[in-house]
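Just below is one structure, and these are the notes that go with it.
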Protein chains: 2
Amino acid sequence: MAKVDIIQIAKELNISKSTVSRAFRDSSDINPKTKERILKLAKELNYQPNYYASNLKEQKSKTIAVVLPELANNYFTQIIQGAERVAKEQGYHILIFVTDDDITKEREFIRSLASGRVDGVIMSASGESTDHSYLESINYEHLPIVLFDRIYDDIELPKIVTDDYQSSFMATEHLIQSGCQRIAYFVINKDLSIGKTRLQGYEDALKKYKIPLRKRLIVDCSNSYEENNVIIETAIEKQKPDGILASVERLAFSTYYVCQRIGVKIPEDIKIIAFSSLEIAGLLQPGLSVVRQPAIQIGEKAASTLLKQLSGEELLDDEMFVTMQSDLVIRDSSKG
Amino acid sequence: MAKVDIIQIAKELNISKSTVSRAFRDSSDINPKTKERILKLAKELNYQPNYYASNLKEQKSKTIAVVLPELANNYFTQIIQGAERVAKEQGYHILIFVTDDDITKEREFIRSLASGRVDGVIMSASGESTDHSYLESINYEHLPIVLFDRIYDDIELPKIVTDDYQSSFMATEHLIQSGCQRIAYFVINKDLSIGKTRLQGYEDALKKYKIPLRKRLIVDCSNSYEENNVIIETAIEKQKPDGILASVERLAFSTYYVCQRIGVKIPEDIKIIAFSSLEIAGLLQPGLSVVRQPAIQIGEKAASTLLKQLSGEELLDDEMFVTMQSDLVIRDSSKG
DNA sequence: TTGTACGCGTTATCAC
DNA sequence: GTGATAACGCGTACAA
């Protein structure tokens, strides 16, 4: 079976292709009978309108791009879940782009998306807070973008974030109240907007309790699992922290493994709390205290904000910057 | 800035649009100088070739669809990871379709994809092993499909699976050797190919050890978290199993929670082992024994098999049905 | 109600 | 080396 197109159907029915075309569009007036004949034959022939021809004509793709730094992270896969759900409801589809934390790829992706391939983008940024000037040249009329989580502060785009500063402050405060004095902050890239904000919360909490800030306790980790094991083990042995705030979920997991291996007990020797949206954090040994970000809802919100723009509506002021509430869930890993 | 197209560039440079077009294609012969002028202006104007026009012309989209039953599952998000990596390497992109375990949606997706929107599909099936006749009408010349994990047995398509029967057998055997006599099998849909195969392994292992098969111990769970809690709690209290084989990761998690709540101890009272590709299964309390499926590799393999077809190569016989090895990882949850 | 003719933005095949 | 021109498949004024 060769691909069937509108013309073939037209020929077979001895009508013009415009009539056939009309049969598939709801509104147009067309004789119900001919319409039926057309639809019947179309079904028989297994006709599918050519996606690219339609889109070329319509200048719409009903597709949105989700640009993420990585996939090996619960948080981002939950984002996809949320975004996919909302998108599907409105007949949109999801195209995934993973930058591997590489701003160059991010730029290439966004550039190429300006080709009209997608109707809009939701993105969690990969770059440091600088070096995103490339976004200046994007025409947001043609390609609306919504940022979430890892945002670029100084770009005027709708943003969905969590109350990172507040959460970080509270988590640190909680560790202090559990008796910690040497609290380490584990982060992957402290120059990213998100690492920075959380760092600020951490620092301010220390300040409030008059605990000196020690630079050595701010531990810059890497994206490599193996490297992190070394970095974290070294940090624990050299800096002897009695509390850890992990700004990324998997740094907490690595810490668990390291502690298991070197015989450090959680929470007796070290208490730990992490930013994480893992549902089963409570099943860990010991149960992991977390700042639980509402990842799925963030994904939903980002998508629905984008879709609202795509539908032509103006965003209200309070939709331009949305803060979602995280929960502080205390479990055994940080008990005093 | 309005969208710039090839014609605009042509006008501005007083040349024809065909020349401009040539500047962007590698091979064509064109005066290096004009080419340079064109590229320079294109950059200035931020020109991006229209994706749909190109695709319409080329009949290629450099995009593959990933059709999945659900996203709320480590296994499938790892599949995406693997597929995305391979696809990206070859300049392909990933379009995500989630069927929510609904065969109707699956059918609609596949149908609509026949529009040429994607160059190929990798899919884990949602339907029961029957009722997939819709696939018969697909022209695989135009839309190659690779099945993985949850396959349709009787369709002639490339398939990537894990050694589910073998793994299930070994896992059950392990429970028996750990002293279990009343082993329950937790499954979500035992009519799906995958649930069936695993069930077979379970049954055969029981047979080998002359343990009677009790229908009540085969527990059909649901997709709802709340319902599962009830189902599982009831099963544990009524059927008093001393061992559990969970064919789906999250049934093990629910079991952990239920046991925690009703005071049943793992592994003293009940031993458990689950199909799961969760990296941190070892951090659970107690460490969860698993059949670890190489999810990322399966995703990679499915994608690379598809891409091979797309490149025009014939698949070898042994590429039409690939079995990937799962590992049996024994931890405390099933220790005797 | 239906058909004609053109445009969407590219690429490819010709001529020149 | 470059420029017309015809596809690709669909949707839609406009005319009939």
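Just so it is clear, the structure is predicted and the values come from calculations on it, not from any experiment. Below, read A as the first sequence line, B as the second, and so on, with proteins coming before strands; counting in each chain starts at 1.
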Using side-chain heavy atoms (C-beta onward) and a distance below 4.5 Å, is [X] in contact with [Y]?
{"X": "K40(B)", "Y": "K43(B)", "answer": "no"}
{"X": "L306(B)", "Y": "P144(B)", "answer": "yes"}
{"X": "E70(B)", "Y": "T77(B)", "answer": "no"}
{"X": "F24(A)", "Y": "P49(A)", "answer": "no"}

Report the distance from atom [atom1] of [X] to atom [atom2] of [N], rounded to the nearest whole Å.
{"X": "I6(A)", "N": "dC8(D)", "atom1": "CD1", "atom2": "C1'", "answer": "13 Å"}
{"X": "I38(B)", "N": "dT11(C)", "atom1": "CD1", "atom2": "C1'", "answer": "14 Å"}
{"X": "I30(A)", "N": "dG11(D)", "atom1": "CD1", "atom2": "C1'", "answer": "13 Å"}
{"X": "N14(B)", "N": "dG3(D)", "atom1": "CG", "atom2": "P", "answer": "9 Å"}
{"X": "K35(A)", "N": "dG3(C)", "atom1": "NZ", "atom2": "C1'", "answer": "19 Å"}
{"X": "K17(B)", "N": "dT13(C)", "atom1": "NZ", "atom2": "C1'", "answer": "13 Å"}
{"X": "R37(A)", "N": "dT1(C)", "atom1": "CZ", "atom2": "P", "answer": "15 Å"}
{"X": "L13(B)", "N": "dG1(D)", "atom1": "CG", "atom2": "P", "answer": "18 Å"}

Q: Assess the side chains of Y47(B) and Q8(B): does a donor N or O sit below 3.5 Å from an acceptor N or O?
A: no
Q. Is the closest side-chain donor-acceptor distance between T19(A) and S16(A) under 3.5 Å?
A. yes
Within the side chain of [X], is there an N or O that forms a donor-acceptor pair under 3.5 Å with the backbone of [Y]?
{"X": "K88(A)", "Y": "V98(B)", "result": "yes"}
{"X": "S61(B)", "Y": "R117(B)", "result": "yes"}
{"X": "T63(B)", "Y": "I94(B)", "result": "no"}
{"X": "N31(A)", "Y": "K33(A)", "result": "yes"}

Q | 5'-most by nearest nucleotide on DNA chain D - S16(B) or I7(A) | A | S16(B)
(Q) Check the orientation of Y52(B) and Y51(A). Use parallel for under 30°, tilted for 30 to 60°, and perpendicular for over 60°. (A) perpendicular
**Q.** Terminal axes of the helix from dT1(C)-dA16(D) to dC16(C)-dG1(D) (five pairs each): angle between them, nearest 10 degrees
**A.** 40°
Q) Choosing from dG9(C), dA12(C), dG11(D), which nucleotide comes nearest the side chain of D5(B)? A) dG9(C)
Q. Base, sugar-phosphate, or nothing for I15(A), non-hydrogen atoms under 4.0 angstrom?
A. sugar-phosphate
Q. Contact class for Y47(A) vs. all strands (heavy atom < 4.0 Å): base, sugar-phosphate, or nothing?
A. sugar-phosphate
Q) Near DNA chain D, which residues from residues 49-61 of chain A have a heavy atom under 4.0 Å away? A) P49(A), N50(A), A53(A), S54(A), K57(A), E58(A)
Q | Candidates I110(A), I155(A), I151(A) - the one meeting side-chain contact (heavy atoms from CB on, under 4.5 Å) with H132(A) | A | I155(A)
Q: Please state whether the phosphate of dG3(C), meaning OP1 or OP2, lies under 4.0 angstrom from any side-chain nitrogen or oxygen of T19(A).
A: yes
Please write out each protein N/O paired with an N/O of nucleotides 13-16 of chain D under 3.5 Å, distance rounded to 0.1 Å.
none

